[in-house]
There are 2 protein chains.
Amino acid sequence: MATIFDVARAAQVSHQTVSRVLKGDPTVGAPLRERVEQAVRELRYRPSAAARALASRRTRTLGMITVGQPYYGPSSTAQGFNAAARGAGWDVSIEALEDPDGADLPEAVAALRSRDVQAVVVVAPTPEVRAATLQVPDRDVPFVMAGGGDDGFAGVALDQRAGAVAATRHLTDLGHRRVALLAGPAHWADAADREDGWRAALAEAGVEPGPLVRGDWSAASGAAAAEALRDAGATAVFCANDQMALGLLHALHRSGLRVPEDVSVVGFDDIPEAAFFTPALTTVGQDFAALGRALLGEVERLVAGGETPPALAAPRLVVRDSTAPPR
Amino acid sequence: MATIFDVARAAQVSHQTVSRVLKGDPTVGAPLRERVEQAVRELRYRPSAAARALASRRTRTLGMITVGQPYYGPSSTAQGFNAAARGAGWDVSIEALEDPDGADLPEAVAALRSRDVQAVVVVAPTPEVRAATLQVPDRDVPFVMAGGGDDGFAGVALDQRAGAVAATRHLTDLGHRRVALLAGPAHWADAADREDGWRAALAEAGVEPGPLVRGDWSAASGAAAAEALRDAGATAVFCANDQMALGLLHALHRSGLRVPEDVSVVGFDDIPEAAFFTPALTTVGQDFAALGRALLGEVERLVAGGETPPALAAPRLVVRDSTAPPR
DNA sequence: AGCTGGAGCCCTAACTTCGCA
DNA sequence: ATGCGAAGTTAGGGCTCCAGC
């Protein structure tokens with residue numbers, strides 16, 4: 001590969017001038033700039049990221065840690081973050097954890113650190129991974145959590161609470177007085193926010209909170225919750241994500257209960273498949289790509305001291321066929 | 001940060017000895033090795049990846065390009081690849097393309113090249129992205145395609161054809177004589193393999209191929225295909241992925257046809273939700289994590305000249321409730 | 001065999017020099 | 001002289017590799 005000196009020789013300038021042209025320094029005169037740019041093109045010169053990092057002590061690299069199953073939300077968030085980062089000239093180094101308990105987190109963080117990433121973004125952090133992250137010695141770069149910061153972490157999250165309020169209010173507006181929550185796992189920030197919203201909307205409507213059953217985000221856990229929900233006499237169930245709603249729909253169908261005639265069901269996330277559930281799922285749509293971009297905004301704020309990223313749009317209710325007034 | 005010289009001083013050896021200990025060189029004597037290891041621990045020394053890359057001209061970094069929607073299969077494959085790569089000491093730099101037509105591919109490849117990645121893995125390459133990849137000038141590192149190589153690319157794929165044969169044979173064994181294919185998009189390697197398997201199994205059973213309708217992997221396209229499939233009188237449909245099967249189930253239900261009584265449906269992939277479709281979907285399970293590991297194996301073979309990775313386990317049929325003998 | 005020393009990888013940052021109003 | 005804009009020069013950054021001892 002050509003080096004910066006080869007380019008300098010070809011353009012008959014010093015290597016420093018080449019460096020200046022590369023970074024768009026305006027103090028380089030037009031004629032020299034031309035010559036350098038042409039030499040770069042002719043030699044197909046690409047600067048070496050390694051040498052740059054070594055000399056400048058900045059790697060222009062961010063670390064991204066993903067956790068758990070490849071669900072739609074986290075995957076979309078990661079993708080949005082990625083695209084935004086590339087657009088801003090960042091390189092993204094990824095570490096996919098296999099263990100939701102975070103057993104492989106130290107190893108992953110070590111790998112990112114030896115890469116000298118300038119910040120780390122954690123997507124879909126389980127409570128265990130959050131805790132493990134706190135244990136990391138010498139956290140000398142910013143960590144940003146997708147899905148809400150706390151415990152001394154920065155974080156960015158969509159307004160889950162507002163989404164949950166919209167979903168629950170939709171049910172009370174339909175006349176439901178026994179509105180259950182099929183919640184996400186305890187200690188997850190996302191799950192807690194959705195639970196808060198559910199409680200708030202019910203309080204506002206003057207309705208006692210219905211039964212609360214906890215799942216683990218999976219369709220299987222949604223199916224497993226069906227019996228308890230039915231026994232508790234819920235006429236409507238707000239599910240903390242679409243997968244659990246799918247499992248619930250499945251189990252209700254099996255037990256002979258009809259949706260929405262016997263029970264109304266609302267999901268959360270609006271995964272692309274939700275419109276094709278049977279019946280089509282009423283759910284809450286979220287803009288994960290925007291969340292990804294916001295994560296990058298927060299990272300840049302922490303790294304370079306930019307301004308606070310603009311607030312994210314609130315999730316919006318998408319009404320389909322799985323909700324109706326109670327009988 | 002501590003440098004290798006700091007460690008050398010603390011351990012009273014030369015920096016070169018430290019380097020040897022770090023890479024596990026057996027020519028270092030036990031006492032020195034001890035001293036060095038202790039100094040490393042005490043100083044919390046981590047080698048600088050940038051300096052290493054610069055000096056050794058090897059970055060120990062792989063590029064991964066992902067394309068399109070975050071579907072379960074590709075996401076799982078990416079995750080498996082990632083975990084395997086970290087285990088083998090590779091760093092993975094990721095580029096998520098937003099445009100399935102590959103408009104942002106050159107930019108992504110340029111980013112990876114300036115990072116001096118030693119190989120590039122492309123997950124879920126659309127035909128457009130394959131084509132765009134061929135246009136990349138100076139492809140000086142190996143490119144490995146997940147989902148089958150050709151056009152001068154290396155590739156690793158699960159045996160889609162065998163899976164498709166199993167799915168189709170299951171339907172003919174049940175007595176179906178009019179077995180349709182809800183195919184993936186034209187020109188996708190995966191789609192073609194599944195189509196081949198369908199044809200082969202039908203030929204073997206002495207059954208004329210039923211209608212073939214093409215979708216785009218999405219549930220929406222599966223729903224859109226329902227009418228054409230019904231009009232063609234198919235009693236069974238093999239869908240090239242689970243999402244399209246979901247859309248089909250949904251549309252069939254709406255039009256009053258019952259599954260499996262009126263039509264049998266088989267999917268492909270066995271996404272975690274498939275067991276909770278209504279009815280539970282008979283489908284073909286694939287080990288995406290193994291595919292991810294095999295991708296890494298192929299990369300290492302190309303980079304270091306290792307042995308050919310072992311063959312992947314064949315996909316296996318998972319029979320649930322969406323298939324039955326024709327009436 | 002077991003260890004040390006120095007050169008070199010490719011850049012950037014800081015300083016220096018040059019030329020001209 | 002004075003100052004400033006536009007270039008060049010030098011010194012590392014932290015490691016591996018290749019002689020040497």
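Fair warning: this is a prediction, and the values are worked out from it, not measured in the lab.
A donor-acceptor pair under 3.5 Å links the side-chain atoms of A/Q118 to the main chain of A/R60, judged by distance alone. No side-chain donor-acceptor contact under 3.5 Å links B/S76 to the backbone of B/F288. Remark: the backbone N or O of A/E98 is paired with a side-chain donor or acceptor of A/D104 at under 3.5 angstrom. A donor-acceptor contact shorter than 3.5 Å links the side chain of B/Q79 to the backbone of A/G68. Remark: side-chain polar atoms of B/D99 are paired, donor with acceptor, to backbone N or O of B/D101 under 3.5 angstrom.
Nearest-nucleotide mapping onto DNA chain C: of B/P31 and A/L54, the residue sitting toward the 5' end is B/P31.
Residue A/R58 is classed as a sugar-phosphate contact, given heavy-atom separations below 4.0 Å to backbone atoms only. Across all strands, B/R20 comes closer than 4.0 Å to base atoms (heavy-atom distances).
The nearest whole Å value for the distance from the CG atom in A/D6 to the C1' atom in C/dC11 is 13 Å. Between A/R60 atom CZ and C/dT12 atom P the separation is 13 Å, expressed in whole Å. Separating the CD atom of A/Q12 from the C1' atom of D/dG8 is a distance of 15 Å, rounded to the nearest angstrom. The CD1-P distance, from A/I4 to C/dC10, rounds to 12 Å in whole Å. As a whole-Å value, the separation of A/D25 CG from C/dA14 P is 13 Å. Distance B/F5 CZ to C/dG6 C1': 10 Å, rounded to the nearest Å.
Taking side-chain N and O atoms only, A/T17 has a distance below 4.0 Å to OP1 or OP2 of D/dG8. Neither OP1 nor OP2 of C/dC9 sits under 4.0 Å from any side-chain N or O of B/S56. For A/S19, a side-chain nitrogen or oxygen approaches OP1 or OP2 of C/dT12 to under 4.0 Å. Contact annotation: B/R57 side-chain N/O to C/dC9 OP1/OP2 distance is not under 4.0 Å. Side-chain N/O atoms of B/K23 include none lying less than 4.0 angstrom from OP1 or OP2 on D/dC15. Within the 4.0 Å cut-off from OP1 or OP2 of D/dG14, not a single side-chain nitrogen or oxygen of B/S48 is found.
Checked by distance alone, A/H15 brings no side-chain donor or acceptor within 3.5 Å of a matching partner on the base of D/dT9. Below the 3.5 angstrom threshold, one finds no donor paired with an acceptor across the side chain of A/Q16 and the base of D/dA7.
Nearest nucleotide to the A/R52 side chain, out of D/dG14, C/dT12, C/dG2: C/dT12.
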